[in-house]
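Notes to accompany the following structure.
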Amino acid sequence: MASVSAPAQSATAPAAPLQRGIVKMVLSGCAIIVRGQPRGGPPPERQINLSNIRAGAMARRAAQAQPDTKDTPDEPYAFQAREFLRKKLIGKEICFTVEIKTALGREYGMVYLGRDTTGENIAEALVNEGLATVRREGIRGNNPDQARLCDLEDQSKASKKGMWSEGSGTHTIRDLKYTIENPRNFVDSLHQKPINAIIEHVRDGSVVRALLLPDYYLVTVMLSGVKCPTFKREADGTESPEPFAAEAKFFTESRLLQRDVQIILESCPNQIILGTIMHPNGNITELLLKEGFARCVDWSMAVYTQGAEKLRAAERSAKERKVRIWKDYVAPTANLDQKDRQFVAKVMQVVNADAMVVKLNSGEYKTIHLSSIRPPRIEGEEKNKDKDKRFRPLYDIPYMFEAREFLRKKLIGKKVNVTVDYIRAATGPGESTPAFAERTCATVTIGGINIAEALVSKGLATVIRYRQDDDQRSSHYDELLAAEARAIKNGKGLHSKKEVPIHRVADISGETQKAKQFLPFLQRAGRSEAVVEYVFSGSRLKLYMPKETCLITFLLAGIECPRSSRNMPGGMQVAEPFSDEAMLFTKELVLQREVWANYEEKPVEEVVHVTEEKERVPNYRAVYVTEISDTLHFYTQDVETGGQLETLMETMRAEIAAQPPVEGSYAPRRGDYCIAKFADGEWYRARVEKVESPAKVHVFYIDYGNREVVSSTRLAVIPPAFSIRTLPAQATEYAFAFIQIPQDDDARGDVVDCIVRDIQNTQCLLNVEYSGATCPLVTIQFGDTKDDVGLGLVKEGLVMVDVRKEKHLQKMVTEYLNSQESAKSARLNIWRYGDFRADDADEFGYRR
């Protein structure tokens with residue numbers, strides 16, 4: 001952007017007043033945007049152009065509405081001049097004098113870094129670096145400032161600085177890329193790695209335009225997981241800001257505009273690039289939420305890589321303080337006393353897959369619905385298939401029975417922790433006759449396990465989607481979404497492509513004739529297992545018999561309890577005295593419990609300290625870890641024989657170099673030992689494991705443990721002098737002792753990444769502890785600290801302990817178990833949901 005020179009000031013002209021401001025933006029090498037201090041809102045701002053100098057014009061994109069126009073590239077050294085000012089001035093306080101103001105309102109003047117004119121003169125700094133030229137027309141020699149600019153320019157020319165250097169300066173022109181042909185592929189190719197960038201424009205608090213370095217892509221990035229108030233464009237072309245839109249934009253501008261940042265591009269749904277901007281002073285996404293300038297957005301929260309819980313916590317903090325967009329916020333449980341928000345209760349009945357009846361400490365009964373989940377349901381067409389058939393949701397809706405049984409077995413008779421998330425108001429055609437009564441929706445946990453999350457993980461419930469402004473949702477909503485994603489990925493329950501389970505249950509509870517026919521069968525069977533499905537009265541029950549798959553009415557022999565009220569042909573029969581008390585007594589004892597089962601309580605095992613018959617005698621030896629597989633098996637070389645391998649490889653490669661093998665002359669067969677050319681161009685000893693085709697031969701490098709698929713042209717016969725008879729294969733396979741490997745791909749990937757980072761290509765100490773099915777199981781120590789690597793994984797909560805029974809190993813097992821308990825208490829990694837090992841192990845990625 002060129003500047004015109006200001007006319008020389010006469011000797012009698014009053015000096016221009018000194019003004020101050022903060023540099024918001026550098027437009028070019030000779031123009032900046034200066035703002036004032038904010039007072040109750042975004043501050044005023046003005047453009048100041050530097051007098052008496054000219055810098056190259058920055059690139060400009062062609063107007064979209066004018067197809068005939070073309071993109072204008074940078075002039076030589078224009079970007080370098082802009083960058084010089086950006087790094088020197090952005091966010092800094094300056095002082096300036098306005099020497100001239102044109103009829104169009106454009107202002108020209110002198111700019112100094114700091115609070116007074118003793119600071120660095122910006123125009124002089126540019127000219128001195130050869131990044132701007134002096135406009136000598138109209139300059140008067142009696143003006144010392146103008147004369148100094150001319151002197152500096154002459155010195156810069158003599159020193160061949162910047163634009164005065166040899167050459168045309170074409171190397172300083174950026175190859176700007178305004179569009180990306182396939183944004184999704186572009187984002188995926190970066191693998192969520194941080195990339196350097198400059199924020200060039202802030203559209204609103206959560207949408208920016210960034211210049212990606214070093215390739216100069218200009219991309220629009222929306223912050224993952226959040227949304228700020230925006231500026232809505234009206235029909236007449238004007239923009240009307242939503243409440244706090246301008247403040248949110250200024251908040252982001254004052255921290256990011258034209259700053260050097262790193263951006264993690266996380267996803268690209270519907271051509272919208274989502275990312276997280278990392279600044280040395282913090283994460284702008286979390287700051288926007290914490291200060292009440294943004295709200296969490298569910299649809300993009302899933303791709304946020306820095307921890308969704310941090311965003312929820314920041315939003316929660318703003319809500320509690322009622323700042324900015326949350327100034328009128330009322331919490332869903334604001335009208336509840338603390339004792340009604342969190343309490344411990346005993347589960348008495350599971351109503352269906354998302355509701356249960358609990359008994360409070362006061363003796364009161366309360367129905368609790370699990371927050372934000374939906375139980376299995378049947379679609380309309382399926383429901384209308386058999387209109388003549390009596391519809392029984394528990395047995396006829398796929399996975400409803402499995403969901404109910406999961407909750408029944410886990411919860412009935414147990415004490416649970418209840419945290420009320422919201423109260424769902426009654427709904428229906430009228431206020432007095434609601435279709436649904438008021439619902440108390442809560443997060444229910446037992447032993448640290450979120451029941452709703454475990455249910456969703458098994459694919460036995462789905463997560464409800466909400467409007468963005470609907471705050472009535474689970475306090476662990478993100479964990480529910482993550483659990484659902486795992487269930488979908490693993491094809492669990494409702495998300496399985498297998499045939500749905502069918503429960504054909506014969507109900508003979510109300511049919512006297514069928515009951516009589518069935519009675520001899522039950523009498524011959526003797527004791528039968530059953531579940532109490534319903535209690536009619538103190539002595540009258542409905543039982544579900546799983547082996548016989550039928551429902552029967554059962555009367556307790558030898559007693560009769562008072563009858564409850566019930567409808568009769570002649571009208572309502574009045575309840576007998578104490579009938580409700582008797583029915584409640586029976587309910588508390590047996591409702592939804594398994595009865596008549598041959599069940600014995602397991603006796604508590606006594607811990608007896610016995611002197612070990614045999615002590616563990618470790619014999620650690622030095623090894624070099626060469627390869628780690630995805631199954632967490634690893635390969636090592638003995639350090640003692642490492643010299644022999646190096647000598648053999650050098651000799652073998654020298655012989656091959658002297659007499660190279662004929663390419664394609666070797667026909668590989670499974671089990672053959674050969675030599676293979678690796679990606680580094682060197683030959684290594686290998687064994688053929690599989691031959692798919694001449695172009696696809698699977699080989700195993702016997703001295704290093706890695707595998708590769710190669711073309712047969714990269715294979716040759718191994719010279720006899722270098723066979724395994726001369727030196728046996730040096731890579732030995734091992735696995736970690738005392739730990740269980742996660743079955744879940746993501747969890748196992750975390751462990752493998754940790755081990756690769758810690759021990760691959762390093763010297764360690766190894767001790768064989770016991771034999772395994774395919775290889776010895778060992779403990780391995782770091783070579784310098786002697787710390788146990790496997791024990792470190794347990795301490796970090798990345799793996800579970802595999803308990804061994806051998807007496808001489810009990811000291812080691814105890815140490816591992818103690819570390820596991822510490823990780824569990826700290827809720828590290830796999831223990832973040834508590835102790836899941838009872839009957840949740842499978843869906844959390846572990847087997848017992």
Is atom [atom1] of [X] surrounded by more than 12 heavy atoms (other residues, nucleotides or ligands) closer than 6.0 Å?
{"X": "Asp630", "atom1": "CG", "answer": "no"}
{"X": "Lys415", "atom1": "NZ", "answer": "no"}
{"X": "Glu499", "atom1": "CD", "answer": "no"}
{"X": "Arg748", "atom1": "CZ", "answer": "yes"}

TODO: Might you work through the side chain to side chain contact (heavy atoms under 4.5 Å, CB included) test for Leu632 and Phe736, ending with a clear yes or no?
DONE: CA-CA 8 Å; Leu632 218 60; Phe736 281 94; 4.2 Å; yes
Open item on the list: Run Val416 and Ile451 through side chain to side chain contact (heavy atoms under 4.5 Å, CB included) and show every step you take.
Closed with: CA-CA 10 Å; Val416 295; Ile451 294 302; 5.7 Å; no
Task: side-chain hydrogen bond (donor to acceptor under 3.5 Å, both in side chains) partners of Glu806, counting only residues at least two apart - done: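 Testing Glu806 for side-chain hydrogen bond (donor to acceptor under 3.5 Å, both in side chains), a comparison that skips the adjacent residues, returns Arg804.
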Open item on the list: His503: which residues meet the side-chain hydrogen bond (donor to acceptor under 3.5 Å, both in side chains) condition with it, sequence neighbours left out?
Closed with: Glu402
Should [X] and [Y] count as side-chain neighbours, where that means a heavy-atom distance under 4.5 Å?
{"X": "Ile368", "Y": "Val444", "result": "yes"}
{"X": "Arg486", "Y": "Ser457", "result": "yes"}
{"X": "Tyr395", "Y": "Leu551", "result": "yes"}
{"X": "Val357", "Y": "Thr367", "result": "yes"}
{"X": "Met812", "Y": "Asp788", "result": "yes"}
{"X": "Glu484", "Y": "Leu480", "result": "no"}
{"X": "Pro393", "Y": "Asn352", "result": "no"}
{"X": "Asn417", "Y": "Gln342", "result": "no"}

Compare every heavy atom of [Y] with every heavy atom of [X], then report the nearest pair and how far apart it is.
{"X": "Cys561", "Y": "Ser539", "result": "N-OG, 3.3 Å"}
{"X": "Ala454", "Y": "Phe406", "result": "CB-CZ, 3.9 Å"}
{"X": "Pro376", "Y": "Pro398", "result": "CB-O, 3.3 Å"}
{"X": "Gly538", "Y": "Leu556", "result": "O-CD1, 3.8 Å"}
{"X": "Ala345", "Y": "Leu360", "result": "CB-CD2, 4.0 Å"}
{"X": "Met545", "Y": "Ala530", "result": "CG-CB, 4.3 Å"}

Point-to-point distance, once rounded to the nearest 0.5 Å, from [atom1] of [X] to [atom2] of [Y]:
{"X": "Tyr399", "Y": "Leu460", "atom1": "OH", "atom2": "CG", "value": "8.5 Å"}
{"X": "Ile741", "Y": "Met800", "atom1": "CD1", "atom2": "CE", "value": "11.5 Å"}
{"X": "Asp421", "Y": "Cys441", "atom1": "CG", "atom2": "SG", "value": "8.0 Å"}
{"X": "Glu815", "Y": "Lys811", "atom1": "CD", "atom2": "NZ", "value": "8.5 Å"}
{"X": "Leu370", "Y": "Leu455", "atom1": "CG", "atom2": "CG", "value": "7.0 Å"}
{"X": "Glu405", "Y": "Met400", "atom1": "CD", "atom2": "CE", "value": "12.5 Å"}

Task: Any pair counted as salt bridge (charged side-chain N to carboxylate O under 4.0 Å, His left out), so long as it reaches residues 531-551, sequence neighbours left out - done: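 Sorted pair list: Arg404-Glu533.
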Task: salt bridge (charged side-chain N to carboxylate O under 4.0 Å, His left out): pairs with one or both residues in residues 353-371, sequence neighbours excluded - done: Lys359-Glu588
Between the side chain of [X] and the main-chain N/O of [Y], is any donor-acceptor distance below 3.5 Å?
{"X": "Ser371", "Y": "Ser474", "answer": "no"}
{"X": "Thr814", "Y": "Gln810", "answer": "yes"}
{"X": "Ser509", "Y": "Ile552", "answer": "no"}
{"X": "Arg341", "Y": "Leu336", "answer": "yes"}
{"X": "Gln472", "Y": "Ile423", "answer": "yes"}
{"X": "Gln820", "Y": "Val794", "answer": "no"}
{"X": "Arg465", "Y": "Val463", "answer": "yes"}
{"X": "Glu479", "Y": "Glu453", "answer": "no"}

Open item on the list: So that I can tick it off, tell me whether Lys319 and Glu315 are bridged by a salt bridge, with the cut-off set at under 4.0 angstrom between side-chain N and carboxylate O.
Closed with: yes
Task: Charged N-O contact under 4.0 Å between Glu594 and Arg408 - done: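 Yes, this pair counts.
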Of all residues at least two apart in sequence or in a different chain, which pass the salt bridge (charged side-chain N to carboxylate O under 4.0 Å, His left out) check with [X]?
{"X": "Asp507", "answer": "Arg390"}
{"X": "Asp298", "answer": "Arg312, Arg473"}
{"X": "Lys346", "answer": "none"}
{"X": "Arg504", "answer": "none"}

Restricting to ring-ring contact (aromatic ring centres under 6.0 Å, His included), what partner residues turn up for [X], sequence neighbours left out?
{"X": "Tyr534", "value": "Phe536"}
{"X": "Phe585", "value": "none"}
{"X": "Tyr816", "value": "Phe738"}
{"X": "Tyr365", "value": "none"}

Open item on the list: side chain to side chain contact (heavy atoms under 4.5 Å, CB included), that's the test. Do Val420 and Thr440 meet it? Break it down for me.
Closed with: CA-CA 7 Å; Val420 177; Thr440 299; 3.9 Å; yes
Task: Verdict with supporting geometry, Arg374 and Ile464, side chain to side chain contact (heavy atoms under 4.5 Å, CB included) - done: CA-CA 6 Å; Arg374 180 177 287 117; Ile464 298 172; 4.0 Å; yes
Open item on the list: Do Tyr329 and Asp471 pair up side chain to side chain, a donor and an acceptor below 3.5 Å, judged on atom types alone?
Closed with: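 Judged by distance alone, the side chains do pair up.
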